Amino acid sequence: MDPHPIVLTVDDDLRRNRLTVFFRLLLAIPHFLWLFVWSLVMFFAAILHWFVALVAGRPAGGLHRFMCSYLRYQVHLTAYLTLAGNPYPGFLGEEGEYPVDVELPAEPQRQPRLTILFRLLLAVPALLLSSAFAGTGGAQFQYGRGVNARASGGGTIAFACAFLGWFASLVQGRMPKGLRDAALYGIGYSAQTGAYLLLVTDRYPNSDPTALLGGIERPPVHPVRIVGEPHDLRRSRLTVFFRLLLALPHLVWVSLWGVAVVLVSIPNWFVALFGGRPARPLHRFAARWVRYRLHVGSFLYLVANPFPGFAGAEGSYPLDLELPDERRQDRWRTAFRILLAIPALIVDAALGWALLVASVLTWFYALVRGSAPWGLRNLSAYALRYDAQTYAYLLLVTDAYPHASPLEGAEAELPPDHEPALHPLA
């Protein structure tokens, strides 16, 4: 597939000014007022823009540039609010003036009139997914009574990243890369959604994290990672239709097994705290449950197609989990493991909402096409991967903290003695 014409560009060194971070919302008040005024003007401009494009078969040049400035301003402001960027943004949405920017088509392109006519209806799935990312700042337009279309950056995922990043930036003077990358993912997808809705492009938004963040450096490889065959998108329409019903036995079993895992984690915590490493049998028991949880989630959320087994055996499912053996863990991290895991659980809950929305959209798509869309599948895999890393950390399977970046770890950064599994899912 050709690269998407709406591209996020990032030139950020992660350093944050503690003083401006502390007063970030207060400093942004003039931008909130300006965004409100600009959005009112945009409402009428968007209607005019739609009529012109429908009649002429392409948007007008002046209106196209006005839409681009507005979308670019949204990206700058949202990056500032979510701590994905540090400098104070300008008010005009000028290209190249902010470390987090977006490349937009310089001139309007001819678009099919049929897609222009039904653009708002066609944008609904992207708007639903954008709502999982979006919440602060955005393009809000009222089309008739009671119909609200929103394409914005921030929100469920980016709000969680900004909230946690605020504390981290005040302490360290830096925004954690994983949180920054997750916020950028939401900003980039919301920018593509806004560009599609406002007729800046007729290319549908691409939810694939690798495509959206292709120019950003990947994080180090995490010891808990998804492996498997990433290119098989075929889905059985019959099992897709009854997917929730078919998954009920697994949902019961994963819950019962989870109770047992919690119970054995208590003595395992004492073993790891005083012995410096988890007990091997208890580690394996918890690791197998984390892998089984991934198998069940992959089936339930349509990330994979086959019906999974009940044992969580390694290599038994197309989408599998690579987990470390038991090894020495830092005693301080072990002692405060539950407290330390709280930020990860917050991000995991935010990603869970995106996973739910993606699975609903995939369900409809798979019933019609008999396959899963590449972008939604990779978004769902990202959410499941982070969930697995979170529970592996919480249950002492590893003391490596979950990495919130939507990007998989760079293969070049693997230790020399590590043999990676085939086909890591990006």
Side-chain angles (χ1 to χ4, degrees), residues 14-16 82-84 157-185 209 213 216-227 261-262 265 268-269 272-273 276-278 283 286-287 289-291 293-294 297 321-352 354-355 381-411 413-415 418 420 424-425:
L14 298 175
R15 289 181 295 179
R16 298 294 180 264
T82 59
L83 301 176
I157 293 176
F159 173 78
C161 294
F163 175 76
L164 298 172
W166 187 83
F167 290 98
S169 298
L170 285 180
V171 174
Q172 301 177 351
R174 294 176 58 85
M175 179 69 167
K177 176 176 168 53
L179 295 178
R180 194 279 309 267
D181 289 357
L184 289 176
Y185 177 41
L213 304 178
I216 297 177
E217 182 183 0
R218 295 193 174 201
V221 171
H222 196 279
V224 178
R225 57 197 295 260
I226 285 183
V227 294
V261 167
V262 171
S265 294
N268 199 27
W269 181 81
L273 183 61
R277 64 193 306 159
H283 176 276
W289 179 79
V290 172
R291 182 181 292 110
R293 179 184 169 88
L294 177 85
L321 197 62
E322 185 178 274
L323 293 164
D325 295 330
E326 85 287 345
R327 57 191 64 177
R328 297 197 66 84
Q329 298 188 21
D330 184 88
R331 285 186 172 90
W332 282 107
R333 295 181 190 176
T334 300
F336 297 100
R337 185 62 54 96
I338 294 179
L339 286 177
L340 292 172
I342 290 176
L345 291 169
I346 293 174
V347 175
D348 189 45
L351 285 173
L355 175 62
Y382 157 48
L384 290 174
R385 183 185 77 228
Y386 188 83
D387 180 78
Q389 291 178 359
T390 300
Y391 279 91
Y393 179 75
L394 187 61
L395 297 173
L396 306 176
V397 176
T398 178
D399 65 347
Y401 205 79
H403 203 289
S405 175
L407 298 172
E408 271 279 13
E411 289 290 344
E413 297 186 41
L414 280 169
H418 185 93
L425 186 63

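In what follows, every heavy atom counts, from backbone to side chain, and hydrogens, waters and symmetry copies are set aside. Here the structure is a predicted model, which means the values were calculated and not measured.
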Can you give me the closest heavy-atom contact between [X] and [Y], atom names plus distance?
X: Pro223; Y: Ala400; result: CG-CB, 3.5 Å
X: Pro343; Y: Leu164; result: O-CD1, 3.4 Å
X: Val347; Y: Ala404; result: CG1-CB, 4.3 Å
X: Glu408; Y: Arg218; result: O-CD, 3.2 Å
X: Ala354; Y: Ile157; result: CB-CD1, 3.8 Å
X: Arg16; Y: Ser169; result: CG-OG, 3.8 Å

How many angstroms lie between atom [atom1] of [X] and atom [atom2] of [Y], to the nearest 0.5 angstrom?
X: Ser405; Y: Glu217; atom1: OG; atom2: CD; result: 10.0 Å
X: Asp181; Y: Ile216; atom1: CG; atom2: CD1; result: 5.0 Å
X: Leu83; Y: Trp166; atom1: CG; atom2: CH2; result: 10.0 Å
X: Ile342; Y: Phe336; atom1: CD1; atom2: CZ; result: 12.5 Å
X: Leu407; Y: Leu213; atom1: CG; atom2: CG; result: 5.0 Å
X: Glu326; Y: Thr398; atom1: CD; atom2: OG1; result: 12.0 Å

Out of Arg174, Gln172, Met175, which one pairs with Arg15 under the side chain to side chain contact (heavy atoms under 4.5 Å, CB included) rule?
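So the option named by the test is Arg174.
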Could you please spell out the steps behind the side chain to side chain contact (heavy atoms under 4.5 Å, CB included) verdict for Leu395 and Trp289?
CA-CA 10 Å; Leu395 297 173; Trp289 179 79; 3.6 Å; yes
Check the pair Arg337, Asp399 against side chain to side chain contact (heavy atoms under 4.5 Å, CB included), reporting the backbone distance first and the verdict last.
CA-CA 9 Å; Arg337 185 62 54 96; Asp399 65 347; 3.5 Å; yes
Would you confirm whether Arg331, through its side chain, and Leu273, through its main-chain N or O, come within 3.5 Å as a donor-acceptor pair?
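Yes.
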Is it the case that the side chain of Gln389 and the backbone of His403 share a donor-acceptor pair, with hydrogens and angles ignored and the cut-off at 3.5 Å?
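Yes.
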Residues Asp387, Leu351; criterion side chain to side chain contact (heavy atoms under 4.5 Å, CB included); working and verdict:
CA-CA 8 Å; Asp387 180 78; Leu351 285 173; over 6 Å; no
Is it the case that over 12 heavy atoms from other parts of the model lie below 6.0 angstrom from the OH atom of Tyr401?
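Counting other residues, nucleotides and ligands, OH of Tyr401 exceeds 12 neighbours.
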Look at atom CG of Leu339 and say whether more than 12 heavy atoms of other residues, nucleotides or ligands are closer to it than 6.0 Å.
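Atom CG in Leu339 is packed in, count exceeds 12.
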Would you call the rings of Phe167 and Phe163 parallel, tilted or perpendicular, taking 30° and 60° as the class edges?
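Plane angle over 60°, so perpendicular.
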Going through the distances and angles, do Arg225 and Leu321 end up as a side chain to side chain contact (heavy atoms under 4.5 Å, CB included)?
CA-CA 6 Å; Arg225 57 197 295 260; Leu321 197 62; 6.0 Å; no
Using side-chain heavy atoms (C-beta onward) and a distance below 4.5 Å, is Leu340 in contact with Tyr393?
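Of all side-chain heavy-atom pairs linking Tyr393 with Leu340, at least one is under 4.5 Å.
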